Each structure stands twice: as structure tokens, then as C-alpha cells.
Amino acid sequence: MSYKYPLPINEPVLPYTPGSPEKKAIKEALEKARSEVIEIPMYIGSEKVFTGNKEPVSPPHDHQHKLGYFHKGDKQHVEQAINEALKAKAQWAALPQEARASIFLKAADMIAGPYRAKINAATMLGQSKNIFQAEIDSACELIDFFKFNAYYADQLTSIQPDSDENTWNRLDYRPLEGFVFALTPFNFTAIAGNLPAAPALMGNTVVWKPAFTQVYAANLIMEILLEAGLPPGVINLVFTEGPETGEVVFNHKDFAGIHFTGSTEVFKNIWKQIGENIHKYRTYPRIVGETGGKDFILAHESAHVEEVGTAIIRGAFEFQGQKCSAASRVYIPSSMWEPLKDFMFKKLDEVKVGPPEDFTNFVNAVIDEKSFNKITSYIEEARESPDAEIIYGGTYDKSVGYFVNPTVILTRDPFYKTMCEEIFGPVVTLYIYDPAEFDNIVETIDKTSPYGLTGAVFSKDRYLLEQVSQKLRNAAGNFYLNDKPTGAVVGQQPFGGARASGTNDKAGSIFNMIRWMSPRNIKENFVPPRDFPYPFMQEP
């Protein structure tokens, strides 16, 4: 039977204006979460696993406060999670597609309704996101992933081959043979939910390891999925160290695929491990990954100053630049520089930095001390470099929370370190070019870094926009004309890049869903032949 799925519509972003019901609800949710200290278990099969080996969970903007503790596991728990995933596989895979989809559609509606404030509060506190960044992530994007993925899965499985006379051909959309490993990052609750959910929707069972700095919201995602009816063992959530998890997962004969978002170096090491162990596997694993970026904004002299300046501020400093799509290198024509600098500095002076519970703060804390130290090392190196100058910000403080103030570096070298390397913090580097050298700067952009994730071009010249779009065709998997290079929306801008930025399998699209199935073609012959000779064998 064919079912008509609900047509997905992007979840509206609530404005959280003063006095609105949603603002009242989020403030209450924040207060409640702040008042509790919770115990966060691993979810393996039907069990909540409390190991007693507890690690604290604290807000990055208030690292002395304890939101709770998560129970850390070891290799034994990874093995148990794999066993539970394999045990649940046959029954889950046999469940009709629409039945699996209904679970995620229900979870989406739960997040849109009764869980909206709670999951936003968890993301605000656990990952130090202001309410707008939490709303577009943990509420809207996660809802969209669940709804659009179900719709894409239906579209995909409706594709069937042609048949001729006396035969019927059909495709059986099987899940992968084995289990899928989902390795998820700290920065997006929606990504953390989507990476295990997308393969599961297609009939796979999953072992999910989130970043330790995202465990607080990951726990809530599991609670929602289980309440929505997800059977035990379909998604197994473990809190284990990366190397020991990989040692078990990538040596297991039933490893069938990885859904990854994280650093380029980690992904390269994973790919290497899989290659070295390829002889051990039952099947060739699917490797799907979205990694780093060194994302650019290119301004042409025809661009509007205020539009470029706003794109820099939002693209570089929203969520403290902790987006793989964040603008971190900018190319400005010298004819625009003085008015742009005046506009940008004036606006940056209005930016407030502090905890997300204060809704007037635009910038919050970076995720942890390790990140804080990495970001500030780039700032200090630029402070001492003859090729760079800190022209705005450059200050930081970790006494209460891991706060790095928005920092703007001006460099004389288009290949200076902060123009090439991913920093993952609120630091943007500008290079001023001669407008007569515009074509050369386009070539420079294409070869400056190994990444190819996002990029933006600002110009009022339509011919020029098309020209640059073609020249930078491989420089970004998500390319923006007169817009900042962040904020991809599920169903509108399928997200992902190539080069060192990943496999470009486009999260939030049908292209990603096809990676989690292994089609089988079935040919049925209604009139089988009863003798072997063919007509050509006859002689007159």
C-alpha cells in the first residue's frame, strides 16, 4: 500500500519578543534546568546504564555550575551497544517504512510542542547558545530533519524500475547489512539528532557516540525518541572515549557505515582505519562525513557596505564562530575599506558578550577550555606577527566562563595562518585587495585552504556574480550570493562540502538518505522459457 506522507514545511522560527508565551516558557525552562542536577545514563538496548564513573556537565559560560553528571562507559559498553543494535536489526528492518517514519514524525511534533522550551534550554545551557541560535538549531532544524527525512525516504523508495512484457522488476530498499556508527559534534543539537536518526529511518540500527560537551541535549533527544515509540536497541547512546570506541567499532565485521560530523583530521584517521580493516568487514562500509571549513566572504566594490558588514558580523560571530560554515576569512576592496570599517566597528561596539540567560547578549562562551586555549593562541600569535594586526577585540577571560570577545585581524598576507587554518571561534581575518586585482583574488580564494564548505560573494553586478560562481565552483559546496555563508535550512539549502570538508552527501536532502540503503533488484518472470534454444540457432 502507498501512503501519502505529510508535506514537510520548515518549522517557523519563533521571535521570543518581550511578553511572548515562548519567552516566558524558555525562561521557566532555563530556571528549572538550572535548579536541578541530573544523572545522565547511556542507553543500550532496553537499559539505562549507570556506570558510576561520572563526569560533570557544566555550562561553558559558568563552568563552576553543575547541570548534572553523565555516566562514562568503556569498550565493553561499545560491544554491548553493537550487540543490541544487531539484535534489534531484523525486527526494525522488517517494520514498514511508514511505521518507522511515524516515530520520527511524532518526535518532531513533540519537539515543536511540549519539548520545545526544554530542548532549547538544554542547548542554551549545555552549549552556550543564545535563544535564537538554540531555536534555529535544536528546535527548528531538528524538527525539519525528522520531517523532511521521512518525506525524502518516501520519495526515494517510490522509485521503481521499468518492466517489459512478461516480467516485473522491482527494487527492494534494504538497509545496510550490519550496524551504523554515528559520531556527532558539540555544536549542533540538530546534527547530533540527525546523524543517528537518518540511518535509523531507513531501517538501520545505530551506535551513537556524541561529543561529551553535547551530552546534556543528546540525553533529551533520546528521551524524546523513546517516548515517541522508538524500540529498544534501534539507537544505542554511549559515552565512551573516541580511540577505544573506534578500536571496537572499526574492527567489527558487521560495521556497515559511519555518519560523521567533526574535525577533518579525525575523519581522515577514521577513513584510514576503515581502509586498513577493509578485509574484516562483511560489506564495504558507507563513509559519510562533514568536516571542517575555512569559509570566505568576497566583497566586490559594487557591493553595499552595510550588507557586507552585517554578513561579516553575523557570519563570523553568531554562536561564537563555532560553525563549520562560519565566515573566517574576508576579502575587501580597498575602495570599500574605510566606510566598511567605520560601519563594522560601530556595530561591534553594540555587541554584548555574556551568558545566554541574558537575552541581550549576542555572543556567548566557547565550548570548553581546550577550545578557549586554541582560539586565544591564534589571537596571541597574530598580536606578535609582523604580517597581522588585531584591529578589533583580541580580549578574553575564562575566570567564570570561556569567553572570547569578537576579534578582527587585518593581515597583509592573503596566505597568513588565520586565512588558511580553521580556528572555530569568534575570530575573523580580513585582507584588503586592490579592486584592479579582483580576478587574481578570486584565484587566491580557491587555493588558500584545503577546504570546500561554504563561501559568499557580495556584488550588484549580475555578470560578475555568475563569473565568480563558475570560477569558485569547487571552492564551496554551499555557495551564497549576497548573503552570509551560514544558516543553511533543511529542504532549502542541502548542506555539505567536498575537498577537505567532507563527502558532500548533503544533510537535509534525498542525497543523504540514499546512502543508508542497499537496493536489491527483483526480477520476476511470469512466463519462464521451457527450452534452451534461441531463434538465432534455427537454420532455413
Side-chain angles (χ1 to χ4, degrees), residues 29-44 47-78 81 117-130 133-134 137-138 183-189 191-193 208-224 236-245 262-263 266 319-320 322 354-358 361 364-376 396-404 424-425:
L30 286 166
E31 185 178 354
K32 186 174 188 301
R34 271 276 195 174
S35 68
E36 299 174 335
V37 179
I38 65 171
E39 299 280 330
I40 302 173
M42 294 184 289
Y43 295 79
I44 302 176
E47 294 186 22
K48 293 182 178 181
V49 179
F50 298 88
T51 63
N53 182 13
K54 300 196 295 186
E55 293 284 342
V57 177
S58 297
H61 49 275
D62 184 7
H63 48 60
Q64 296 305 304
H65 180 79
K66 298 297 180 289
L67 296 167
Y69 296 85
F70 69 88
H71 287 253
K72 195 173 178 182
D74 54 30
K75 288 178 11 178
Q76 172 193 344
H77 297 104
V78 180
K118 189 172 183 179
I119 200 166
N120 278 344
T123 301
M124 291 173 72
L125 293 173
Q127 291 140 268
S128 198
K129 289 196 173 190
N130 63 42
Q133 293 297 309
D137 166 23
S138 53
L183 186 55
T184 65
F186 79 84
N187 56 338
F188 283 94
T189 297
I191 294 175
W208 172 22
K209 179 190 140 33
F212 289 165
T213 42
Q214 196 270 326
V215 161
Y216 192 62
N219 173 64
L220 185 55
I221 293 171
M222 277 301 298
E223 289 181 356
I224 292 168
N236 302 274
L237 179 62
V238 296
F239 308 137
T240 48
E241 294 289 350
E244 63 181 12
T245 308
S263 79
V266 170
F319 189 42
Q320 299 76 261
Q322 296 173 123
E357 294 97 322
D358 179 347
N361 289 326
N364 311 118
V366 299
I367 193 65
D368 59 16
E369 187 170 20
K370 180 181 178 182
S371 178
F372 177 91
N373 291 340
K374 176 188 174 184
I375 296 163
T376 56
Y396 45 85
D397 181 10
K398 65 177 181 180
S399 58
V400 176
Y402 303 113
F403 292 104
V404 180
F424 225 64

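We use all heavy atoms of the structure for the numbers below, so side chains are in, but hydrogens, waters and symmetry mates are not. Remember, predicted model here, so these are calculated numbers, not experimental data.
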Engineer: Looking at every non-hydrogen atom in both residues, tell me the closest pair between Thr184 and Trp208 and how far apart they are.
Structural biologist: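 Closest approach of Thr184 to Trp208, heavy atoms only: OG1-NE1, 2.9 Å.
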Engineer: Identify the heavy atoms of Ser58 and Leu67 that sit nearest to each other, and give their distance.
Structural biologist: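 Distance-wise, the nearest heavy atoms are C-CD1, 4.3 Å.
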Engineer: Below 4.5 Å, heavy atoms only, C-beta onward: do Asp62 and Arg34 meet side chain to side chain?
Structural biologist: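 Touching, per the 4.5 Å side-chain cut-off.
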Engineer: Over 60° means perpendicular and under 30° means parallel, so classify the ring planes of Phe319 and Phe186, tilted if in between.
Structural biologist: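 It falls in the tilted class, 30° to 60°.
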Engineer: If you count heavy atoms of other groups shown closer than 6.0 angstrom to CD of Glu47, is the number above 12?
Structural biologist: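 Count not over threshold, so no.
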Engineer: So, taking the atom named CD in Gln127 and the one named CG in Asn187, what distance separates them when rounded to the nearest 0.5 Å?
Structural biologist: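 Here the rounded value is 8.0 Å.
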Engineer: Less than 4.5 Å apart, side chain to side chain, heavy atoms only: is that true for Phe403 and Pro355?
Structural biologist: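 Yes, their side chains come closer than 4.5 Å.
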Engineer: Taking the six-membered ring of Tyr69 as reference, does the NZ or CZ atom of Lys72 fall below 6.0 Å from its centre and within a 45° cone about the axis?
Structural biologist: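 Relative to the ring axis of Tyr69, which defines the angle, Lys72 lies outside at least one limit.
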Engineer: So, do Lys209 and Val78 sit near enough that their side-chain heavy atoms are less than 4.5 Å apart?
Structural biologist: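 Side-chain contact under 4.5 Å: no.
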Engineer: Any non-hydrogen side-chain atom of His77 less than 4.5 Å from a side-chain atom of Ile44?
Structural biologist: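 A side-chain contact under 4.5 Å exists here.
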Engineer: Measure the acute angle between the ring planes of His71 and Phe50, then classify it against the limits of 30° and 60° as parallel, tilted or perpendicular.
Structural biologist: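 Geometry flag for Phe50 against His71: perpendicular rings.
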Engineer: Can the positive tip of Lys129 be found less than 6.0 Å from the middle of the six-membered ring of Phe188, inside 45° of the ring normal?
Structural biologist: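 So Lys129 does make the cation-pi contact.
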Engineer: Quick one, Tyr402 and Lys370 - any side-chain contact, counting heavy atoms below 4.5 Å?
Structural biologist: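 Of all side-chain heavy-atom pairs linking Lys370 with Tyr402, none is under 4.5 Å.
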Engineer: Under a 4.5 Å cut-off applied to non-hydrogen side-chain atoms, are Gln133 and Pro356 in contact?
Structural biologist: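 The answer is no; the side chains never approach within 4.5 Å.
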Engineer: Do you know which two heavy atoms are closest between Asn130 and Asn364, and how far apart they sit?
Structural biologist: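 That closest heavy-atom pairing would be N-OD1, 2.9 Å.
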Engineer: Does atom CD of Glu39 have more than 12 heavy-atom neighbours from other groups under 6.0 Å away?
Structural biologist: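 Yes, because the 6.0 Å sphere around CD of Glu39 holds more than 12 heavy atoms from other groups.
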Engineer: Write down the atom of Asp137, the atom of Thr189, and the distance for their closest heavy-atom approach.
Structural biologist: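 Distance-wise, the nearest heavy atoms are OD2-N, 3.0 Å.
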Engineer: At what distance, to the nearest 0.5 angstrom, does NZ of Lys66 lie from NZ of Lys54?
Structural biologist: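 Nearest 0.5 Å value for the NZ-NZ distance: 12.0 Å.
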Engineer: Determine, stepwise, if the pair His61 / Glu357 fulfils side chain to side chain contact (heavy atoms under 4.5 Å, CB included).
Structural biologist: CA-CA 10 Å; His61 49 275; Glu357 294 97 322; 3.1 Å; yes
Engineer: How are the rings of Phe70 and Phe239 set to each other: parallel, tilted or perpendicular (split at 30° and 60°)?
Structural biologist: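 Perpendicular: the ring planes of Phe70 and Phe239 meet at over 60°.
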Engineer: Ignoring hydrogens and angles, tell me if any N or O in the side chain of Ser35 forms a donor-acceptor pair with the backbone of Lys32 under 3.5 Å.
Structural biologist: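 Yes: the side chain of Ser35 pairs with the backbone of Lys32.
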Engineer: Does the side chain of Asn219 reach to within under 4.5 Å of the side chain of Pro41, using non-hydrogen atoms?
Structural biologist: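 They are in side-chain contact.
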Engineer: Would you compute the distance between atom CD1 of Ile375 and atom CD of Gln320 and round it to the nearest 0.5 angstrom?
Structural biologist: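 Answer for the CD1-CD pair, Ile375 versus Gln320, is 9.0 Å.
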Engineer: Do you know which two heavy atoms are closest between Val366 and Pro60, and how far apart they sit?
Structural biologist: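 So the minimum-distance heavy-atom pair works out to O-CB, 3.2 Å.
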Engineer: Check Gly126 against Ile367 and note the closest heavy-atom contact, atom names and distance.
Structural biologist: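 What the structure gives for the nearest pair is O-CD1, 4.0 Å.
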Engineer: How many angstroms lie between CD in Glu241 and CG in Asp74, if you round to the nearest 0.5 Å?
Structural biologist: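 The distance works out to 10.5 Å.
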Engineer: Is there a side-chain contact between Ile224 and Ile119, using heavy atoms and a 4.5 Å cut-off?
Structural biologist: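 They are in side-chain contact.
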Engineer: Could you give the distance from CG (Leu30) to CG (Asn120), rounded to the nearest 0.5 Å?
Structural biologist: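 The CG atom of Leu30 sits 9.0 Å away from the CG atom of Asn120.
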Engineer: When rounded to the nearest 0.5 angstrom, what distance separates CG in Asp368 from NZ in Lys398?
Structural biologist: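 Asp368 atom CG to Lys398 atom NZ measures 11.0 Å (nearest 0.5 Å).
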